[in-house]
Amino acid sequence: MFNSILNQAFEQYVLDRVDNILIIAGVTDAKYRKVVKAADSVLSQLMKIACELEAQQPELLRLVMEYEAATAIESGLAAEIVYREGIRDSLSIRQEFTAFMQKQI
């Protein structure tokens, strides 16, 4: 049970940190900000077309909304995976460095 609580806390920490990093990137990284703006523009255009065609193609709006949700989840999971690997890499390097320093002493 304790491991489950720790895992949940870590999962929440990772999600919060990823969100925080992306918020900072949205402010400080011009390339990221440009890509986000372009993606938002494309999605807005798709939503507008889907709304206009809703009477003829009622499933189109639902598909666009499902696609938006799926890409958001995919993007979030990709960021989480990369972040976790960065933490693992950092821990591994720290352990190797500690072992090396202990041998030197």
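Since we're looking at a predicted model, the values are computed, not measured.
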Once you round to the nearest 0.5 Å, how far does CG of Asp29 lie from NZ of Lys34? 12.0 Å
Connecting only ILVMFWY residues whose side-chain heavy atoms lie within less than 4.5 Å of each other, what is the rest of Met1's hydrophobic cluster? Ile5
Starting from Phe97, walk the hydrophobic network (Ile, Leu, Val, Met, Phe, Trp, Tyr; side-chain heavy atoms closer than 4.5 Å) and list everyone else you reach, by chain and number. Phe100, Met101
Distance-only check: which donor-acceptor pairs under 3.5 Å involve side-chain atoms of residues 36-55, not counting sequence neighbours?
{"unit_1": "Ser41", "atom_1": "OG", "unit_2": "Gln45", "atom_2": "NE2", "d": "3.2"}
{"unit_1": "Ser44", "atom_1": "OG", "unit_2": "Asp40", "atom_2": "O", "d": "3.0"}

Under the rule for side chain to side chain donor-acceptor pair (under 3.5 Å), what residues qualify as partners of Tyr32, not counting sequence neighbours? none
Checking Ser90 side chain against Gly86 main chain: does a donor-acceptor pair fall under 3.5 Å? no
Shared-cluster residues of Leu77, by chain and number - hydrophobic side chains joined below 4.5 Å: Ile73
Tyr13 with Ile81, same ILVMFWY side-chain cluster at under 4.5 Å: no
Here the salt bridge (charged side-chain N to carboxylate O under 4.0 Å, His left out) pairs for residues 73-93, sequence neighbours left out, are Glu11-Arg84, Glu80-Arg84, Glu85-Arg88
Donor-acceptor contact present, side-chain Thr98 to main-chain Arg94, <3.5 Å: yes
